[in-house]
A.B. asks: 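Dropping a structure here in structure tokens format, bear with me for questions.
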Amino acid sequence: MARFQLLLLYLSLSLVAAQDNFAKCVNSTFDAVMTQHKGRLASAPWTSETNVDSVLQFAKGLKICAVRVNVTTNPNNTVAFEIYMPLNTTWNQRFLTVGNNAFDGGTLRLDMFAKVVHGWAVMSTNTGHEGTGLSWALNNDQAQIDWAYGAMASSVPFAKDVVAAYYGTHANSSYYAGCSTGGRMGIRQTEVDPNSFDGMLIGAPAWNVKSAMPVISRIGWLGKNYNLFGDALVKRLALQVYNQCNGLDGTTADLTIQDSTPCLAKFLNADIANGSVWAGLECNGTNANCVTVQQRQAFLTIVQEFKDPNTRNTTYAGDGFGIQAIGDLTTYLTAGNLDGFDQDFARYFLPAESRGLVWDSDANGAKLINASNAWDARVRANADPSKLNGWGGKVILYTGTADGLVATNGTRRVFDRAGGAGNNNLKYFEIAGMTHCVDNGNAPGGVQVPWYIGGLGLYLRPPGGTWFVADDLKNQTFPIGTKETDALVALVDWVERQKAAPSGTTVQGPTMIAASSFDKWPSTTSVGMQRWLCAVPKKQHFKGGDVRDKANWECV
Ligand SMILES: *[C@@H]1O[C@H](CO)[C@@H](O)[C@H](O)[C@H]1NC(C)=O
Ligand SMILES: *[C@@H]1O[C@H](CO)[C@@H](O)[C@H](O)[C@H]1NC(C)=O
Ligand SMILES: *[C@@H]1O[C@H](CO)[C@@H](O)[C@H](O)[C@H]1NC(C)=O
Ligand SMILES: *[C@@H]1O[C@H](CO)[C@@H](O)[C@H](O)[C@H]1NC(C)=O
Ligand SMILES: *[C@@H]1O[C@H](CO)[C@@H](O)[C@H](O)[C@H]1NC(C)=O
Ligand SMILES: *[C@@H]1O[C@H](CO)[C@@H](O)[C@H](O)[C@H]1NC(C)=O
Ligand SMILES: *[C@@H]1O[C@H](CO)[C@@H](O)[C@H](O)[C@H]1NC(C)=O
Ligand SMILES: *[C@@H]1O[C@H](CO)[C@@H](O)[C@H](O)[C@H]1NC(C)=O
Ligand SMILES: *[C@@H]1O[C@H](CO)[C@@H](O)[C@H](O)[C@H]1NC(C)=O
Ligand SMILES: *[C@@H]1O[C@H](CO)[C@@H](O)[C@H](O)[C@H]1NC(C)=O
Ligand SMILES: *[C@@H]1O[C@H](CO)[C@@H](O)[C@H](O)[C@H]1NC(C)=O
């Protein structure tokens with residue numbers, strides 16, 4: 001009797017153990033797919049239980065399987081990708097590719113982690129190199145091409161088959177999320193293979209690399225020449241912009257400049273020497289907050305559209321940063337020494353004959369623009385947003401209006417080229433006051449306007465610790481996981497409602513998404529304020545009352 005019960009217990013325990021696929025997280029599961037795609041496991045698969053990676057250690061108990069693959073199709077450079085996969089019992093049957101940052105290499109384990117704990121199988125490439133900075137690109141064409149599109153092109157179909165090997169079935173649907181370079185890479189991949197994704201969440205895409213890099217070079221030079229990039233000076237200018245323009249949309253109580261364009265006009269129309277927009281910044285011999293007339297002029301140059309000296313300043317050369325972006329510009333400019341991100345592109349990506357060009361005059365600006373165009377014709381990094389017009393998938397596009405790394409106007413251009421509000425498969429949200437991809441905490445006056453909508457780049461930190469706690473995510477103390485507050489969830493909802501709809505019908509996408517900010521970000525994640533963002537061309541409007549409550553916001 002007792003023996004019989006033990007046997008039953010043993011049998012049921014084995015059944016419980018056999019109910020998930022964790023035991024398949026071993027080399028042999030992936031042999032066939034490695035052969036098929038000419039790749040190699042870079043190491044034996046590891047898991048959140050074996051705790052070999054600094055990120056997955058927070059997911060103990062969730063039994064996540066991690067695989068790193070070397071793609072060996074091109075002998076001139078090795079691309080690698082990594083994938084985190086949840087148990088088949090918690091898998092949401094979806095595949096997600098996350099895009100990368102700037103010119104950096106390496107997989108984005110933090111972004112992968114933030115999604116795998118919500119049931120996604122998530123992939124990230126290393127873009128064809130490891131490490132940060134731009135020096136890896138010097139004399140390395142294949143690495144540049146892999147960063148431009150090659151790594152993504154070879155990894156997406158491969159990783160989908162890795163997923164199928166682990167679960168015994170392909171994912172039902174495939175998504176993409178990326179901001180900045182990651183946004184560019186997503187659009188670029190749909191040009192390589194329109195079937196890669198069913199939906200994309202694209203933040204502030206750095207799609208126009210070839211134009212942006214010369215513009216940034218010129219900003220670096222202006223910064224140096226006019227000593228404009230002392231951190232304190234930039235913060236003073238940002239606060240001045242905020243104080244002068246917050247009321248232009250009819251109220252200061254919304255704590256936001258809704259639109260930069262009338263703000264710029266206000267500054268341009270004022271007397272540069274002593275107009276009232278400069279009040280408090282006078283250089284009168286005793287004012288520690290002094291901003292000189294030359295500095296004011298340089299500032300106003302930076303926040304206007306850049307013109308091409310090749311055509312004697314009559315055509316667009318690259319998007320200007322909106323006037324609200326000034327506080328964010330220090331991110332990539334080292335204090336005026338022409339030695340940072342602003343000049344590294346010409347230093348490391350351009351061929352020997354144009355290496356190190358700086359836009360410090362019309363003549364050199366013209367040369368830099370041409371060299372950059374020639375570079376792109378070879379490496380094919382620029383993404384073409386017009387390809388999104390007529391593309392089969394759905395796109396949610398967003399940007400901050402205070403972005404100092406990828407101009408807000410550049411993202412508006414993406415929206416327009418992709419068909420604008422006439423494209424029923426595209427929704428575009430502007431996040432008033434947000435800097436590049438996340439709020440970096442440099443908000444003028446310390447006002448953290450709501451910015452978080454589930455895009456990449458948010459890493460939850462446990463109190464007193466680093467990175468995330470899976471508990472935070474599981475408990476959802478944080479407004480994640482609803483289609484109201486998370487654009488990726490809204491995208492999934494949209495795509496999957498479309499799939500379920502009768503053919504020939506077009507399902508409408510989200511028209512409102514609530515953005516959140518956090519009290520004491522980044523040390524805690526309790527929600528501070530929320531407000532509705534509105535799919536362009538609608539605009540958000542504060543109705544009055546408690547500014548922190550999204551119920552007091554509407555789309556008009
Ligand atoms: C998970 O995988 C295991 C092992 O392959 C299988 O027995 C089980 O039915 C699967 N469960 C689900 C929910 O797919
Ligand atoms: C994977 O690629 C890296 C970088 O090229 C290389 O160092 C490593 O030896 C490769 N691993 C395998 C198993 O091929
Ligand atoms: C699994 O593959 C990796 C990478 O090729 C190799 O280093 C490791 O020895 C293999 N492990 C087993 C158990 O075969
Ligand atoms: C590898 O580089 C060599 C030398 O630059 C080039 O001739 C060759 O075409 C490249 N191979 C591939 C597959 O790109
Ligand atoms: C995925 O597809 C399977 C079979 O086609 C279906 O049963 C399942 O509900 C789908 N899952 C999701 C999350 O859509
Ligand atoms: C402002 O500057 C203009 C010249 O640019 C001058 O004519 C005017 O008097 C100045 N106003 C004040 C109040 O200083
Ligand atoms: C100089 O400008 C500052 C800031 O506007 C002002 O507070 C101060 O009184 C001015 N000093 C003189 C001597 O005008
Ligand atoms: C942004 O584009 C609009 C419309 O083309 C233009 O009026 C505005 O000056 C541009 N702003 C910047 C900073 O380039
Ligand atoms: C182009 O504009 C810049 C100011 O932005 C000016 O310095 C330059 O002289 C102009 N060049 C031509 C050819 O008009
Ligand atoms: C840049 O290219 C344009 C168009 O091809 C050409 O007209 C112009 O002369 C070139 N400028 C320089 C400085 O080479
Ligand atoms: C999450 O919930 C667990 C169980 O209720 C609790 O112990 C833990 O403190 C919670 N974590 C957070 C960050 O609230």
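As the structure is a computational prediction, the values presented were derived from the model and not from experiment. Each ligand, and each atom within it, is numbered from 1 in the order the structure gives.
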A.B. asks: May I ask you to list the atoms of ligand 7 that are less than 4.0 angstrom from any heavy atom of E282?
C.D. replies: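 Answer, ordered by atom number: 2 (O), 4 (C), 5 (O).
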
A.B. asks: Scan side-chain atoms only and decide if W46 and D53 contain a donor-acceptor pair under the 3.5 Å cut-off.
C.D. replies: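 Present: a donor and an acceptor within the cut-off.
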
A.B. asks: According to salt bridge (Lys or Arg N to Asp or Glu O under 4.0 Å), who are the partners of E49, at least two apart in sequence or on a separate chain?
C.D. replies: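 None.
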
A.B. asks: In chain order, what residues pass the side-chain contact (heavy atoms from CB on, under 4.5 Å) check against N88, with sequence neighbours excluded?
C.D. replies: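 Applying side-chain contact (heavy atoms from CB on, under 4.5 Å) to N88 gives D20, N21, Y167.
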
A.B. asks: Would you mind checking if R296 and E282 are paired as a salt bridge, meaning a charged N to carboxylate O distance below 4.0 Å?
C.D. replies: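 Salt bridge between E282 and R296, a charged N being under 4.0 Å from a carboxylate O: no.
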
A.B. asks: Going through the distances and angles, do R218 and D342 end up as a salt bridge (Lys or Arg N to Asp or Glu O under 4.0 Å)?
C.D. replies: CA-CA 8 Å; R218 181 152 182 242; D342 54 328; over 6 Å; no

A.B. asks: Do the side chains of D141 and R378 get close enough for a salt bridge, i.e. N-O under 4.0 angstrom?
C.D. replies: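 Salt bridge: yes.
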
A.B. asks: Can you name the atoms of ligand 7, numbered from 1 with element, that are less than 4.0 Å from a heavy atom of T286?
C.D. replies: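 Near T286, meaning under 4.0 Å from one of its heavy atoms, ligand 7 has 1 (C), 11 (N).
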
A.B. asks: Under the rule for side-chain contact (heavy atoms from CB on, under 4.5 Å), what residues qualify as partners of A212, not counting sequence neighbours?
C.D. replies: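 Listed in chain order: nothing, the list is empty.
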
A.B. asks: Which protein N or O atoms sit under 3.5 Å from any N or O of ligand 2? Give each pair with its distance.
C.D. replies:
| unit_1 | atom_1 | unit_2 | atom_2 | d |
| --- | --- | --- | --- | --- |
| ligand 2 | 2 (O) | N70 | OD1 | 3.3 |
| ligand 2 | 2 (O) | N70 | ND2 | 2.3 |
| ligand 2 | 5 (O) | T78 | OG1 | 3.4 |
| ligand 2 | 11 (N) | N70 | ND2 | 2.9 |
| ligand 2 | 14 (O) | R40 | NE | 3.2 |
| ligand 2 | 14 (O) | N70 | ND2 | 3.3 |

